[in-house]
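Here, residue 1 is the first one in the sequence, and each next residue gets the next number.
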Amino acid sequence: MKKIPMMLQLAVILFCIMAIPTAILTWYSGAQIIENSEAAIGESALAGLNANRKLNENALANLAQDTARLAAANVFEPIRGFETYNEVNSSYSNYTRAKSVMNELLNLNRRVDGVSSSYFYLTDSDYVISTDNAITTLERYEPMSWTTEALKDQRGISGVWVPRRLASGEHVVSYVYPLNRLSSPTSGLIVVNMKESQVGKYLNTAEAEGSSSLLLGADGKVISHSDKSLLLTEGFELPFVQEILNQDSDEGYTFRELDGNRMVYAWSRSALSGWWNVSWSSMDELMAESREMQGNIILLTGAIIVLGTVMAVVLATWLSRPLRQLVSNIRSKSGLEVASRNRNELAFLDMAFKRMQEEEEGLFRLLQEREEDTRSFAVHRLLRGEIPPRIAEVFPEANYRVAVVSIDRYRVYVGNTNVETRSYHRYLLNTKYESLFPEGIVAHSVYHTDGCIVIVLNFASSEDACSNILIQQALESIRDESLELLEHTVTIAVSEVADAPEMVAERLLEAMELIKQRIIKGAGSIMYWQEEEEHSRKYLDSENSERRILNFLDAGDLDGIFKELENIRSQISTEQHISYDNIMFIYHQLIGTTIKHLRENHISTGRTVMGKGDIYSVLAAMDTLDELEDYLQALFREIVQNLDRGTGETNHGERVIQYLKDHYKEEIVLKDMSTEFGISYSYMRKIVYELTGKSMIDYLNQLRIDKAKELLLDTDLTIKQVAAEVGYYNVQSFNRFFRKYEGMPPSSYKTAKSKGS
């Protein structure tokens with residue numbers, strides 16, 4: 001490439017810039033045209049299929065509605081008593097009544113196009129009334145056994161559609177509508193036979209030329225098809241049908257290859273009947289215009305590429321002229337080797353600028369080093385015990401102090417914020433902290449570890465009381481600003497003064513150790529390191545308290561346990577020089593002793609103790625004694641409740657049952673009742689159900705209804721008085737519940753029992 005003239009390279013580049021995007025655009029647009037055309041055809045096929053399906057559904061629904069209206073008209077009531085064909089023909093009057101039924105069936109046939117015939121069959125009779133054979137005996141008509149199978153799983157008053165073939169060879173879709181007490185006083189059934197050809201006509205109403213349609217039942221049987229030989233056969237055996245209908249969607253379209261032809265298949269399932277409508281068409285005919293359009297676009301693209309090639313050469317010559325003149329001038333005036341004349345213009349310029357680049361790299365490295373964030377880097381190194389170069393530029397004074405700002409209840413803070421929010425908070429806090437210290441005190445802050453920001457203070461004199469006051473005021477401002485931003489308090493620990501940078505890392509350890517005293521001092525404190533405290537710390541032992549807590553635990557005495565926990569906290573709080581490790585040991589030892597005691601007494605700790613995860617880690621993450629005590633109180637409360645639950649369930653249940661029996665006449669608020677018993681509402685419902693087999697509401701209402709029955713039979717009280725006597729202040733509610741439990745209203749119950757006695 002270096003020996004190819006720049007003008008030729010530029011011409012090739014311009015050609016590629018024009019030709020490649022044009023070719024890609026042509027390919028993409030052609031592919032999009034085909035894809036969009038196929039999608040439009042698929043959507044159109046699905047829309048047409050849905051239109052045909054709805055037309056067919058409407059026709060069948062209208063026929064079903066007309067059949068239901070005929071059943072509700074009681075036209076069959078006059079012949080309900082005619083059980084034999086001879087009875088129908090025994091008199092002119094009887095025959096006329098049967099004839100009127102046949103006329104109604106004929107009217108039903110005329111309301112919907114395509115009805116082949118219909119008939120009525122009276123249950124247990126030996127005749128049918130039909131529109132094709134008039135009134136005839138059952139043995140001369142088709143058998144009724146198929147209707148029994150069709151109605152086997154039917155519930156309610158609606159009918160069922162059954163595709164079948166008549167004895168005459170005609171294929172129909174029969175609507176079988178049972179008459180029962182819900183729909184008519186007469187028991188029997190109406191059968192209406194819709195021609196399969198009419199169903200097929202509905203299916204093909206909106207189909208394009210060359211399209212085919214198929215109607216499948218929910219069981220896969222072919223209900224309608226242009227090939228009549230396939231009617232009532234297994235439709236899933238047809239090409240692609242089972243594969244398509246096994247998809248999760250109730251409607252859609254897809255493309256398949258069939259005998260070398262690309263086909264579009266559309267399917268839609270009826271929500272009413274569960275039948276599948278399927279149509280398919282050849283894509284080759286439907287896509288003819290789209291493919292012709294794609295070919296025209298390709299020809300046009302070729303012409304554009306040829307024209308672009310000519311333009312690329314012209315533009316390359318014109319655009320490269322200034323650069324060729326520049327190279328000519330550099331060659332004539334520079335001291336570069338003559339051998340460079342064999343290279344193209346860009347290669348020559350590359351060699352000329354390499355010398356400039358080598359000189360710039362040294363300058364860039366120097367600028368990069370000077371622009372580095374020296375301050376932040378120096379602080380981190382200082383905290384690690386290293387002395388960074390040019391430390392005087394960052395910390396010009398002789399004395400140092402380290403302040404650690406720790407977010408209280410850090411686990412809660414992390415749970416309420418995301419990573420981005422916490423990072424933003426750190427940025428704001430670092431900026432604010434450094435600006436809150438007055439002139440004369442240099443402050444640089446960095447994020448140190450989870451929930452902790454370290455501020456390195458640098459000042460002139462360690463004996464200046466004014467400086468200490470100013471530092472205290474700045475730390476108070478830090479505490480207030482942090483609370484406002486984080487909505488969490490912070491605890492601040494300040495180390496002793498260091499007079500050399502080498503001691504800063506040691507002062508950081510002091511401040512981090514001092515933060516642990518938050519558990520005694522409380523959240524939101526500002527604490528200063530006192531060296532003498534470290535040497536005078538006292539060790540506390542809680543063995544006696546542990547023994548008393550275990551005794552209270554065996555006795556189920558929560559108050560005693562809580563009082564002993566309070567004694568432990570008070571003892572720790574009053575001891576000024578106790579260490580954090582000693583405090584953690586006391587509580588860890590208490591938890592371990594409790595678990596050991598429960599296991600020695602064969603009491604499961606899985607749900608109450610071990611189910612809470614690593615309890616020791618939870619305790620270590622707590623900031624104050626109050627948090628520790630609250631957590632342990634909740635833990636021991638749950639342990640005692642679990643110990644009492646085994647023996648208390650029966651007692652609770654008997655008390656609740658007796659309470660309902662004593663107070664059923666009153667207006668009982670069940671949730672207030674559970675509070676009165678000292679148990680949860682859900683637990684109270686559970687134990688009542690286990691003892692009675694009924695819900696609390698049902699059991700309470702049953703008590704009231706049982707008492708109401710006694711009052712109805714043994715007193716002369718009115719219904720309203722009885723309702724009020726048993727706790728119903730609304731007669732309608734009393735009637736509703738009485739009917740629910742006794743199957744009749746209270747007035748009917750009283751009348752029936754009075755007659756029986």
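- Judged by distance alone, the side chains of Y528 and Q472 do bring a donor and an acceptor atom under 3.5 Å apart.
- For Q658, the CD atom sits in a packed shell: over 12 heavy atoms of surrounding residues, nucleotides or ligands are nearer than 6.0 Å.
- Note that CG of N701 is 9.0 Å distant from CZ of R736, once rounded to the nearest 0.5 Å.
- For the pair K694 and Y699, the cation-pi criterion (under 6.0 Å, within 45° of the ring axis) is not fulfilled.
- In terms of modelled atom types and a separation under 3.5 Å, the side chain of N399 and the main chain of A460 share a donor-acceptor contact.
- Under a cut-off of 6.0 angstrom, the local environment of OH in Y741 is crowded, with over 12 non-hydrogen atoms contributed by other residues, nucleotides or ligands.
- A donor-acceptor distance shorter than 3.5 angstrom exists from the side chain of D408 to the backbone of G524, with no hydrogens or angles considered.
- The number of heavy atoms from other shown groups lying within 6.0 Å of OH (Y659) is above 12.
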- Test side-chain hydrogen bond (donor to acceptor under 3.5 Å, both in side chains) applied to D706 and Q702, step by step: CA-CA 6 Å; D706 289 344; Q702 187 66 62; 2.9 Å; yes

- Please step through salt bridge (charged side-chain N to carboxylate O under 4.0 Å, His left out) for the pair K707 and E725, ending with a clear verdict. CA-CA 9 Å; K707 183 62 178 177; E725 184 67 23; over 6 Å; no

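- With hydrogens and angles ignored, the 3.5 Å screen pairs a side-chain donor or acceptor of T718 with a backbone N or O of Q721.
- A donor-acceptor distance shorter than 3.5 angstrom exists from the side chain of S477 to the backbone of Q473, with no hydrogens or angles considered.
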- Task: Start with the C-alpha distance between R569 and D626, add both sets of side-chain angles, then the distance that settles side chain to side chain contact (heavy atoms under 4.5 Å, CB included), and finish with yes or no.
- Result: CA-CA 8 Å; R569 186 192 63 174; D626 289 336; 2.7 Å; yes

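- Rounding to the nearest 0.5 Å gives a distance of 6.5 Å between CE of M684 and OH of Y681.
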- Let me see the working for K516 and E513 under salt bridge (charged side-chain N to carboxylate O under 4.0 Å, His left out), right down to the final yes or no. CA-CA 6 Å; K516 295 180 180 180; E513 185 66 25; 3.6 Å; yes

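- Nearest heavy atom pair, residue F734 against residue P746, reads CE2-CG, 3.7 Å.
- Rounding to the nearest 0.5 angstrom, the gap separating the CZ atom in R401 from the CG atom in N468 is 5.5 Å.
- The CD1 atom of I453 sits 9.5 Å away from atom CD1 of I478, with the distance rounded to the nearest 0.5 Å.
- The neighbour count for Y689 OH, taken as heavy atoms of other residues, nucleotides or ligands under 6.0 Å away, does not exceed 12.
- Between the OH atom in Y400 and the CE atom in M503 there is a gap of 11.5 Å [rounded to 0.5 Å].
- In this structure, E487 places its CD atom where only 12 or fewer heavy-atom neighbours from other residues, nucleotides or ligands lie under 6.0 Å away.
- Looking at S423, its side chain never comes within 3.5 Å of a backbone N or O of E420 through a donor-acceptor pair.
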- Message: Does R507 form a salt bridge (charged side-chain N to carboxylate O under 4.0 Å, His left out) with E496? I'd like the steps, not just the answer.
- Response: CA-CA 7 Å; R507 294 296 181 260; E496 274 286 355; 6.0 Å; no

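- Contact detail for I387 and R381: the closest heavy-atom pair is O-NH2, 4.2 Å.
- Side chain of E434 to backbone of S445: a donor-acceptor contact under 3.5 angstrom is found.
- For the residue pair N416 and H488, the shortest heavy atom distance occurs at ND2-NE2, 4.3 Å.
- Within the 3.5 Å criterion, the main-chain N or O of M744 finds no donor-acceptor partner in the side chain of S748.
- Between L550 and T594 the shortest heavy-atom distance is CD2-CA, 4.0 Å.
- Minimum heavy-atom separation, L514 to V494: CD2-O, 3.7 Å.
- Distance check, rounded to the nearest 0.5 Å: CD1 of I586 to CG of L628 gives 10.5 Å.
- Using modelled atom types and a 3.5 Å distance limit, the side chains of H444 and Y433 yield no donor-acceptor pair.
- A pairwise comparison of heavy atoms in T489 and A523 identifies OG1-CB, 3.8 Å as the closest pair.
- Checking S406 against R518 by side-chain atom types alone, a donor-acceptor pair falls below 3.5 Å.
- Under a cut-off of 6.0 angstrom, the local environment of CG in D716 is sparse, with at most 12 non-hydrogen atoms contributed by other residues, nucleotides or ligands.
- Under a 3.5 Å cut-off, the side chain of Y447 and the backbone N or O of T449 do form a donor-acceptor pair.
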- Can you list the steps and then say if V726 with K665 is a side chain to side chain contact (heavy atoms under 4.5 Å, CB included)? CA-CA 5 Å; V726 298; K665 297 180 181 180; 5.6 Å; no

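- Exactly one of Y664, F738, F737 qualifies for a ring pair (Phe, Tyr, Trp, His ring centres under 6.0 Å) with Y728. That residue is F737.
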- Item | Steps toward side-chain hydrogen bond (donor to acceptor under 3.5 Å, both in side chains) verdict (T421, N418) | CA-CA 5 Å; T421 302; N418 55 37; 2.7 Å; yes

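- With R422 contributing its side chain and T417 its backbone, the two residues share a donor-acceptor pair below 3.5 Å.
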